[in-house]
Amino acid sequence: MMQAQQQISRRTVARIEDGTHLGPDAQVDDKSLMFSPQAPELTDPFLVLVDDLFSEPGFEWHPHRGLETVTLVLDGVLEHGDSIGNSGTLTAGDVQWMTAGRGIIHRELAFRNERAHILQLWVNLPADKKMVDSRYQDLLATGRPTIDHDGAHIDLISGAAGGLTAPALTHWPISGSVITMEPGRSLDHVLPGQDRAFFTVLAGAVSIGGRNVTARQTAWSDPLPDADAHLSVIGLRTGDGDALTKVLTFSGPPIRQPVAMGGPMVMNTRAEIEQAFRDFHTGRFGAVPRQARLQYR
């Protein structure tokens, strides 16, 4: 007996969010919020996406608990180190996936204080995963699978597509990729119906689900009702011209739990945030590393 074909539904865009330019501060030369944590129930399981350009000082040693940070290097060289012994540099196209879990201390600097331009996504963790062991993953551009089809180049960061599986290990089913499209092309992007998805346009312009989205805007597509058992697609289409369009997209099922944010800590209650800071200040995250800057080569 032939197995029934899996149902595939077509998605729409629920809303489009403009990025917010914040400018320089004590750590960076320029900062923008591509989307903010003001209403986490609307972005669940994602919390914030930040665009940072810096030379010095960058982000010296600081703690995290209860979340994962996904950092994509857009340009320059990012120097990193953490309290569980990882250190090194990442260059344009590389991704760092850090699970803070029960607690980690790390830093992100521009190598040689020259230039680093990064996007950092904060991914929430469910309550039963917030205190997992900390973990660090380098997802180098040269080691990630890619798909090329009819003028679209898909660079997989996490999840699976087209029979390929990305290298990221995740504590929540998160799919992510960078999509680059030539002008005048169409792509049906496939994702689980239960996922919430965002599409941040890094360069160019694209129609997503029939809505026009331009650089530094983010389109959101919410989970489909009763969608646990089937896939969905959303259409991307580029217009005429000669410029490439680049889109960062991630999706995942909402966690649907309370969110309490306290600076670099993300838990479910204020009491847990207060405990996280007590644990950090009493050394339960480990000692602040005394690691020297990476040497010039």
Side-chain angles (χ1 to χ4, degrees), residues 34 45-52 58-111 116-126 128-147 154-162 164-179 191 195 197-198 200 202 248-253 255 264-266 285-286 289 291 294:
M34 307 307 285
F46 309 106
L47 296 164
V48 64
L49 180 63
V50 186
D51 182 324
D52 284 313
F59 303 95
E60 270 294 354
W61 299 112
H62 59 283
H64 284 289
R65 173 179 278 183
L67 76 157
E68 296 187 297
T69 64
V70 182
T71 306
L72 169 65
V73 181
L74 297 176
D75 192 23
V77 182
L78 178 70
E79 175 183 338
H80 67 88
D82 65 38
S83 55
I84 56 176
N86 301 292
S87 65
T89 58
L90 298 170
T91 59
D94 293 342
V95 172
Q96 173 196 95
W97 195 299
M98 188 184 76
T99 303
R102 69 184 64 213
I104 198 169
I105 304 168
H106 78 148
R107 69 180 179 190
E108 299 136 312
L109 309 171
F111 183 55
H117 187 190
I118 66 172
L119 282 173
Q120 186 169 94
L121 172 67
W122 287 17
V123 180
N124 199 11
L125 289 171
D128 63 350
K129 300 290 187 181
K130 284 190 175 294
M131 297 294 281
V132 296
D133 290 340
S134 300
R135 181 171 67 188
Y136 179 89
Q137 300 172 76
D138 275 344
L139 309 174
L140 302 183
T142 54
R144 297 199 304 266
T146 60
I147 300 169
I154 304 170
D155 176 358
L156 295 177
I157 297 171
S158 62
L164 300 175
T165 300
L169 304 175
T170 67
H171 287 289
W172 191 248
I174 299 293
S175 298
S177 61
V178 178
I179 301 172
L191 65 159
D195 280 11
F198 74 81
T200 297
L202 305 181
L248 176 71
T249 180
F250 274 82
S251 76
I255 296 171
M265 317 292 192
V266 181
F285 284 30
Q291 177 184 317
L294 296 179

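Note: hydrogens, waters and symmetry copies are ignored here, and every other heavy atom, side chains too, is used. Predicted, not measured: the structure shown is a model, and the values here were computed from it.
Across all non-hydrogen atoms, the minimal contact from V73 to T91 is CB-O, 3.5 Å. When every heavy atom of N86 is checked against every heavy atom of Q291, the shortest pair comes out as O-OE1, 4.3 Å. Residues I174 and P45 approach most closely at CD1-CG, 3.9 Å, considering heavy atoms. What you find for T165 and A160 is that their closest heavy atoms are OG1-CB, 4.0 Å. What you find for P145 and A166 is that their closest heavy atoms are CG-CA, 4.0 Å. Contact between G159 and S175 at its shortest, heavy atoms only, is CA-OG, 3.8 Å.
E60 CD to E108 CD: the interatomic distance, rounded to the nearest 0.5 Å, is 10.5 Å. Separation of atoms CH2 (W97) and OG1 (T71) is listed at 10.5 Å; rounding is to 0.5 Å. In this structure, the separation between CZ on R144 and CD1 on I157 is 5.0 Å, given to the nearest 0.5 Å. With values rounded to the nearest 0.5 angstrom, E68 atom CD is found 9.5 Å from M98 atom CE. Interatomic distance, D51 CG to H117 NE2, rounded to the nearest 0.5 Å: 3.5 Å. Atom CD of residue Q120 and atom CG of residue L78 lie 9.0 Å apart, to the nearest 0.5 angstrom.
A heavy-atom distance below 4.5 Å is found between the side chains of L90 and H80. A heavy-atom distance below 4.5 Å is found between the side chains of V123 and F46. In this structure, H171 and K130 have side chains that are not in contact, with every pair of non-hydrogen atoms separated by 4.5 Å or more. Counting heavy atoms from C-beta outward, P253 and D195 have side chains that approach closer than 4.5 Å. N124 has its side chain out of reach of W172: every pair of non-hydrogen atoms, C-beta onward, lies at least 4.5 Å apart. Counting only heavy atoms from C-beta outward, the side chains of I118 and Q96 never approach each other to under 4.5 Å. Using a 4.5 Å heavy-atom cutoff, the side chains of L49 and L248 are in contact.
In terms of modelled atom types and a separation under 3.5 Å, the side chain of T89 and the main chain of V77 share no donor-acceptor contact. A side-chain donor-acceptor contact under 3.5 Å links R102 to the backbone of M131. Remark: the backbone N or O of L140 is not paired with any side-chain donor or acceptor of D138 at under 3.5 angstrom. Between the side chain of Q137 and the backbone N or O of L169, at least one donor-acceptor pair lies under 3.5 Å. With S134 contributing its side chain and G103 its backbone, the two residues share a donor-acceptor pair below 3.5 Å.
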| message | I'd like to know whether T200 forms a side chain to side chain contact (heavy atoms under 4.5 Å, CB included) with L119, so could you lay out the CA-CA distance, the side-chain angles of the two residues, the decisive distance to 0.1 Å, and finally the verdict. | response | CA-CA 11 Å; T200 297; L119 282 173; 5.8 Å; no
| task | Step by step, work out the side chain to side chain contact (heavy atoms under 4.5 Å, CB included) result for F250 and V70. | result | CA-CA 11 Å; F250 274 82; V70 182; 4.1 Å; yes
| Yes or no on side chain to side chain contact (heavy atoms under 4.5 Å, CB included) for I104 and Y136, after CA distance, side-chain angles and deciding distance? | CA-CA 10 Å; I104 198 169; Y136 179 89; 5.6 Å; no
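Between H106 and H64, the ring center distance clears the sub-6.0 Å criterion.
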